[in-house]
Amino acid sequence: MRGDFIDYAVDRSPHKQGRYLPGTQIPVLPPEQITRTKPDIVLILAWNLADEIESQMSGIRQWGGKFMTVIPQVKIW
């Protein structure tokens, strides 16, 4: 995974925040970072939790943000 495509990852666990995604220089930040930066697309890597994450992060729709998964297939909604 390249850091020039993904600025940061978020995780609710404070044990993961302040670290990096394995094998990358992509920082793991708290979920509030999403509301600060207002990205166009939120890539959900935990595709099996996509419905739960979408529900928790539904506020991104206020600025026209969308969700994306790439596993098991590419989907943007």
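Just so you know, residue 1 is the first one in the sequence shown, and it goes up from there. Given the structure is predicted, the values throughout are model-derived calculations rather than measurements.
The salt bridge (Lys or Arg N to Asp or Glu O under 4.0 Å) analysis of residues 41-50, with sequence neighbours excluded, yields no pairs. Residue pairs meeting the salt bridge (Lys or Arg N to Asp or Glu O under 4.0 Å) criterion with at least one partner in residues 33-43, sequence neighbours excluded, do not occur; the list is empty. Residue pairs meeting the salt bridge (Lys or Arg N to Asp or Glu O under 4.0 Å) criterion with at least one partner in residues 13-34, sequence neighbours excluded, are Asp11-Lys16.
Pro31 and Gln17 get closest at one heavy-atom pair: CD-NE2, 4.1 Å.
Residues meeting the side chain to side chain contact (heavy atoms under 4.5 Å, CB included) test with Ile71, sequence neighbours left out: Trp47. Partners of Ile34 according to the side chain to side chain contact (heavy atoms under 4.5 Å, CB included) rule, which considers only residues two or more places apart in sequence or in another chain, are Tyr8, Val10, Pro39, Val42, Met57, Ile60, Trp63. Scanning for salt bridge (Lys or Arg N to Asp or Glu O under 4.0 Å) contacts around Lys66 gives an empty result, with sequence neighbours left out. Not counting sequence neighbours, the partners of Arg61 by the side chain to side chain contact (heavy atoms under 4.5 Å, CB included) test are Glu54, Phe67, Trp77. Taking Gln56 as the reference, Arg12, Glu52 meet the side-chain hydrogen bond (donor to acceptor under 3.5 Å, both in side chains) condition, with sequence neighbours excluded.
Both Phe5 and Val28 belong to a single network of hydrophobic side chains, linked directly or stepwise wherever heavy atoms of I, L, V, M, F, W or Y lie under 4.5 Å apart. Ile76 and Ile6 fall within the same hydrophobic cluster, where Ile, Leu, Val, Met, Phe, Trp and Tyr residues are linked whenever their side-chain heavy atoms come under 4.5 Å apart, directly or through other members. Cluster membership check: Ile44 shares its hydrophobic cluster with Leu49, using side-chain heavy-atom separations under 4.5 Å among Ile, Leu, Val, Met, Phe, Trp and Tyr. Under a hydrophobic-cluster definition in which Ile, Leu, Val, Met, Phe, Trp and Tyr are linked whenever side-chain heavy atoms come within less than 4.5 Å, directly or via other members, Ile53 and Met68 are assigned to different clusters. Tracing side-chain contacts under 4.5 Å through hydrophobic residues (I, L, V, M, F, W, Y), one reaches Leu21 starting from Ile41; they form part of the same cluster.
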